[in-house]
Structures are given as C-alpha cells and as structure tokens.
Amino acid sequence: MPRFAVISDIHANLHALCTVMEDALQQQGCTEVVCLGDVVGYNAYPRECLDYIRSLACPVVKGNHDADVSGGDLTRMNPVARRAIEWTREQLDEDACLWLKRLSYQRLERSLFTMVHACLDQPMAWNYIMNANDATASFRKQFNSLCFHGHTHVPRVFVYDGMRAAEDAEAMMTLQEEGEVSLSLADGYKYFINVGSVGQPRDADPRACYVVYDSDNRIVTFRRLTYDVAAAQEAIIAAGLPTPLADRLERGV
Ligand code: ZN
C-alpha cells in the first residue's frame, strides 16, 4: 500500500525540508518519497539537502538548478540566481555534482505516475506551465493518467478530458485557506499536478508545500506547513548569499 510524499523545489532549504519530511513520514504515514528536482539553488544548505535526498535512495528527476549547478551555462540567468548557483558550486564536491548531472529528465514511477520537473513536451527547455493553455502541450505527451511536476513553485491542478485542459483553481484557494486539500482522481481524465515548492513557495503563501499521494485510492492531498523561515533567512545572510533570497521567503514570492 504505497503512500508517496511527492516533493519538489527544495532549493537547499534544510529547515523547510526537515519540516516537510517530519510531516510526511511521522504524521502522514508516507512509505515512499519521490523528488521532482531542484534540490539545490537559492538557499544556504545545498550539501545537507543533497545528502538527505541521496540518503533516501528515492526516485529523483533533474531540475534546471540541478542542471545549472552541475555544468550548465549561466550567462542567461538573472544575477541573483546566478550568484546563488556560483556559490552552490563552491559548496559541492565533484561526486555531488556528478550525481546531479546524471539525474534523468523524466521518469515513470512503477506505472503509477510520471515525474518531470517542468513539462513533458520539452523537459529540457524548462517551460513554465502557468495556465491551462500552457498545460495542453504537455498533456499531449502524457501517456498515463497522472503526472507530477514542479518548477513554477506554485501548486496547481490541471485536468484534461481528451479535448481541453482546465485548472482547478478552487482547490488551490482551499489549500491556501485551510493548509490542506484532498482531491480524488476520476477515471477517464489526465491530471498534470504541480506539487508546489518545499523551499521557496511563490504563491504569496510562505508555508512549505508538498503532496501526499495515496495510489491505491487515487487521492492527492496537498499539505502546507509553517517552518522556521527566520532560521532559513539567517543562514542565507550568514552564507553571504544575496539578501533578496532571504526576503522573499517570508513573503512567499
Ligand atoms: Zn525551482
């Protein structure tokens, strides 16, 4: 009876990751963890977060920051993100960089669901899926009923009925208000679900976000968790990383 914790965009935020994993493993009874990429970048604990994820020996796909840290071209990146990537490179040894470099872009997990960081139509282009229109191209490349993704750091649920994609915005409103929302997946539809971000949420809600998936009953539950934002911010400043990276955590942007 697998019960998955689906986590994404940890971004070296160890305080958020520990809070999420405690909830997933102790409170929610998750038996498996899968990670949709961007383990590193932005925050102050890349080595620790990477060691933690590697110690789980769980399925992980590659995010754009994972790619950038392990050898990507930084010239087109904005200066703040670039500074964080350069700093992160200094923190990681060759073995850690190689591990990131070898991650695959997408993966089918036990025929139950697909994992990808950004989108399925061009996984290496890191397109941002902002609305149902954007999701349509990805749905055309989605050959099973469920795919989890991340990348925008905004939790979202897209549903495809074979003709058109639609967004369940109401469920995400409930998530912001209540800190949790559960969805039963219906037969005959495809779902493309953004699990939000553990370490740098951007939907104006600073709480860490992740998903619990009960694959037997096909129930997806979003969780929002308050974590020690101040401690994560202090670590960013102490590391000499750009201060906007600390400021944004408390605003969830
Ligand atoms: Zn990210």
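Residues: numbered from 1 along the sequence shown. Indexing begins at 1, ligand by ligand and atom by atom, following the structure's order.
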Cation-pi, Phe4 ring and Arg110 (6.0 angstrom, 45 degrees): no
Under 2.8 Å from the Zn ion (ligand 1) - protein N/O/S, by chain and number: Asp9 OD1, His11 NE2, Asp38 OD2, His153 NE2
Side-chain heavy-atom pair Glu109, Tyr213 within 4.5 angstrom cut-off: no
Distance-only polar pair, side chains of Asp214 and Thr221, donor-acceptor under 3.5 Å: no
Test: Arg224 and Asp203 ion pair at under 4.0 Å: yes
Pairwise salt bridge (charged side-chain N to carboxylate O under 4.0 Å, His left out) hits with a residue in residues 15-24, at least two apart: Asp23-Arg223
SB check Arg202 Asp9 (cutoff 4.0 Å): no
